[in-house]
Every structure is written in structure tokens, then in C-alpha cells.
Visitor: 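Mind having a look at this structure? Questions to follow.
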2 protein chains.
Amino acid sequence: MSKHRPLNEEALLLVAQRFAVLAEPMRLRLIQSLFDGEKNVGELVTLTGGTQANVSRHLQTLTAAHILARRKEGLQVYYKIADPTIPRLCDVVCGAIEKQLARQAATFAATG
Amino acid sequence: MSKHRPLNEEALLLVAQRFAVLAEPMRLRLIQSLFDGEKNVGELVTLTGGTQANVSRHLQTLTAAHILARRKEGLQVYYKIADPTIPRLCDVVCGAIEKQLARQAATFAATG
DNA sequence: CAACTATATGCGTATATGCTCATATAAAGT
DNA sequence: ACTTTATATGAGCATATACGCATATAGTTG
């Protein structure tokens with residue numbers, strides 16, 4: 001997007017959609033819970049504190065976006081992070097937010 | 001988020017909010033238009049094809065998120081990208097999408 | 001100060017989407 | 001086949017937000 005030629009409308013929508021998928025706290029919780037390896041739905045329900053229905057829905061959304069991958073094993077369904085760029089993406093955003101908060105804290109300390 | 005300890009609820013909300021800001025096509029168009037330097041609202045209206053009111057609102061949103069910075073010069077207001085991580089962020093997402101589309105294309109070609 | 005220009009904003013509406021409850025599906029065990 | 005367990009999904013509700021229209025504000029020029 002910065003190194004490349006300007007995106008056409010279609011590509012732009014895809015980028016927006018991808019950001020939208022990552023713009024839900026519960027989905028971020030799920031992603032975070034999966035950073036240390038695959039887990040089944042029940043485990044994710046426990047870890048995130050969400051309801052089973054809601055967790056299942058969000059897992060659907062993340063899988064449809066090719067961010068997670070599904071693996072069925074008997075009654076359980078195991079999910080894992082399928083998109084290797086996700087951790088980097090999250091790191092970049094976290095870094096930006098940390099910097100922003102630090103700057104705000106500094107400004108507050110200086111002028112406040 | 002991956003290298004760091006798990007985020008607390010508050011940080012998680014901030015990350016989600018930041019992704020949400022980037023999840024709108026018009027805002028991505030504005031960001032894209034600003035990759036080659038600052039522009040005023042009128043120029044951005046022309047470049048993006050949006051209405052003045054809508055462009056102004058989205059610029060507000062982006063500025064509130066500290067993604068853009070505002071500079072007033074007479075009647076005009078100039079905006080520019082203030083967050084240096086934005087281009088990288090967009091590149092990461094674009095790269096992921098390109099890979100995904102390529103993989104889908106390959107699968108389609110292989111299996112018919 | 002009146003007219004004009006550039007930008008911002010209040011308000012109403014339409015749409016999208018997250019959440020819950022109940023129920024469906026699928027797989028396993030008895 | 002029936003029951004139990006794990007996961008998915010349909011329906012309805014509540015909320016968020018993008019957009020358009022009209023208007024307000026700020027700054028400039030005559």
C-alpha cells in the first residue's frame with residue numbers, strides 16, 4: 001500500500017475487511033489465546049470467558065478470513081493461527097499504541 | 001501481542017479500536033492519498049471522490065486516533081500521516097492478502 | 001462589516017454486526 | 001437406537017456507525 005501502486009477499489013475493500021475482522025475485542029482475545037498453539041472451542045470458551053455460541057461465531061469469522069484454521073478431531077474442533085503475518089501485525093499495532101501512550105504520558109508529566 | 005505478555009482488557013480494547021479505525025474504505029483511501037505527503041481537505045475530497053462532509057468526518061476520526069496530524073494554514077487545513085507505523089501496517093496486510101489470493105488462485109487452477 | 005471560501009458538525013436515517021437464547025447438527029458412548 | 005457431549009446456527013434485539021443534508025464556524029477579502 002505504501003511501497004506498491006495505489007490499491008484499486010476491490011483491493012481496498014479487502015484490506016478494510018481484514019482490519020474489520022481484527023477490530024473486535026473477543027476475536028483478539030481468541031487470537032491471543034492461540035499464540036501458544038492450537039486449542040479446541042471449549043478451551044477457548046474457558047480462556048476468553050465468552051459464551052459458547054459467541055466464541056463459535058467469532059471463530060467462524062476468523063476462519064472465513066483465513067486467519068485461523070480448523071481441524072476436527074472427534075467431537076472437538078481445534079483452531080490454530082493460520083496466517084503467519086498476524087503476530088507481526090499485532091506487534092506493530094501494540095508498538096504504535098505503546099509509543100502513543102508513552103508520548104501522552106510524557107506530555108502529561110511535562111505540561112500537566 | 002505475540003512477543004509480549006498477554007494484553008489486559010484495556011490494552012486489548014485499544015488495539016481493537018485502532019483496527020476499527022483502519023477498517024473503513026474511505027479512511028484507507030485518505031491514508032493512501034497521504035502517502036506522498038500532506039494535503040488539504042479540498043484536495044482529499046477531489047482525490048477520494050467523497051463528499052466534503054464525509055471526508056472531514058473521517059479525517060477527524062483518523063486524527064483522533066493519532067494516525068493523522070492537522071495543520072491549519074489560513075482557510076485550509078492540511079493533514080498528513082503522523083504515525084510512522086501505518087505504512088508498514090498496510091504493507092503487512094496487503095502482503096497477507098496478496099498471498100492469500102495467490103494461494104486461492106493456485107488451488108483453483110490445480111483442482112479446477 | 002458584509003460577502004465569500006474552506007472546513008467542521010448536528011441531526012436523522014439506513015445498515016451492519018455483536019450478543020443472547022434456543023435449537024440444530026455431528027460424533028461418541030451405552 | 002438412545003443419550004450425551006461438543007460445536008454450529010437461526011432468529012431477534014440492541015447498538016454502533018457511515019452517509020447525506022443542512023447549517024455552523026473560522027478565516028479571508030472587498
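As the structure is a prediction and not an experimental result, all values here were calculated from the model. No hydrogens, no waters, no symmetry mates; every other heavy atom, side chains included, goes into these values. In what follows, every chain begins at residue 1, and chains take the letters A, B, ... in the order their sequences are listed.
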Visitor: Is any side-chain N or O of B:Y79 closer than 4.0 Å to OP1 or OP2 of C:dA6?
Guide: no

Visitor: Specify the separation, in whole Å, of atom CZ of A:R27 and atom P of C:dC19.
Guide: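 Computing the A:R27:CZ to C:dC19:P distance gives 8 Å.
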
Visitor: Look at B:E9 together with A:R29 and state whether they make a salt bridge at an N to O cut-off of under 4.0 Å.
Guide: yes

Visitor: If you check the B:H58 side chain, which of D:dA26, D:dA18, C:dA8 turns out closest?
Guide: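 Among D:dA26, D:dA18, C:dA8, the one nearest the side chain of B:H58 is D:dA18.
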
Visitor: How close or far is atom P of C:dT7 from atom CG of B:L59, stated in whole angstroms?
Guide: 10 Å

Visitor: Go through C:dT20, D:dT7, D:dT28 for me and flag the one nearest to the A:R57 side chain.
Guide: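 For A:R57, the side-chain atoms sit closest to C:dT20.
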
Visitor: Please pick, from D:dT7, D:dT9, C:dA8, the nucleotide with the shortest atom-to-atom distance to any side-chain atom of A:V41.
Guide: D:dT7

Visitor: Please determine, for the side chain of B:A53, which listed nucleotide (C:dC19, D:dA22, D:dA8) has the closest atom?
Guide: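 Nearest nucleotide to the side chain: D:dA22.
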
Visitor: Do the side-chain N or O atoms of B:Q52 get closer than 4.0 angstrom to the phosphate oxygens (OP1, OP2) of C:dA8?
Guide: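 B:Q52 to C:dA8 OP1/OP2: no side-chain N or O under 4.0 Å.
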
Visitor: Roughly how many Å is it from CG in A:N54 to P in C:dC21, rounded to a whole number?
Guide: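 From A:N54 CG to C:dC21 P: 11 Å.
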
Visitor: Considering only side-chain heavy atoms of A:R70, which listed nucleotide, C:dA8, C:dT7, D:dT7, is closest?
Guide: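 Closest nucleotide among those given: D:dT7.
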
Visitor: At what distance, to the nearest 0.5 angstrom, does CZ of A:R70 lie from CD of A:Q60?
Guide: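 It comes to 6.5 Å.
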
Visitor: Which one, C:dT20, D:dA22, D:dT9, comes nearest to the side chain of A:T51?
Guide: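 Of C:dT20, D:dA22, D:dT9, C:dT20 is nearest to the side chain of A:T51.
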
Visitor: Check the distance between D:dA16's C1' and B:L13's CG and give it to me in whole angstrom.
Guide: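 Checked: the CG to C1' distance equals 15 Å.
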
Visitor: What is the separation between atom CD on A:E43 and atom P on D:dA6, rounded to the nearest whole Å?
Guide: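 From A:E43 CD to D:dA6 P: 11 Å.
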
Visitor: Take atom CD of A:Q76 and atom P of C:dA26, then tell me their distance rounded to the nearest Å.
Guide: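 These atoms are roughly 17 Å apart.
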
Visitor: What's the NZ-P distance between A:K72 and C:dT25, to the nearest Å?
Guide: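 Between P of C:dT25 and NZ of A:K72: 13 Å.
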
Visitor: Rounded to the nearest 0.5 Å, what's the gap from CG on A:L28 to OG1 on A:T48? Could you check?
Guide: 12.0 Å

Visitor: Once you round it to whole Å, what is the distance between P of C:dA6 and CG of B:L75?
Guide: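 B:L75 atom CG is separated from C:dA6 atom P by 7 Å.
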
Visitor: Strictly below 4.0 Å: does B:Y78 bring a side-chain N or O up to OP1 or OP2 of C:dA6?
Guide: no

Visitor: Taking 4.0 angstrom as the limit, do B:R88 and A:D91 come out as a salt bridge?
Guide: no

Visitor: Any chance you could measure A:R27, atom CZ, to A:Q32, atom CD, to the nearest 0.5 Å?
Guide: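 Between atom CZ of A:R27 and atom CD of A:Q32 there are 15.0 Å.
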
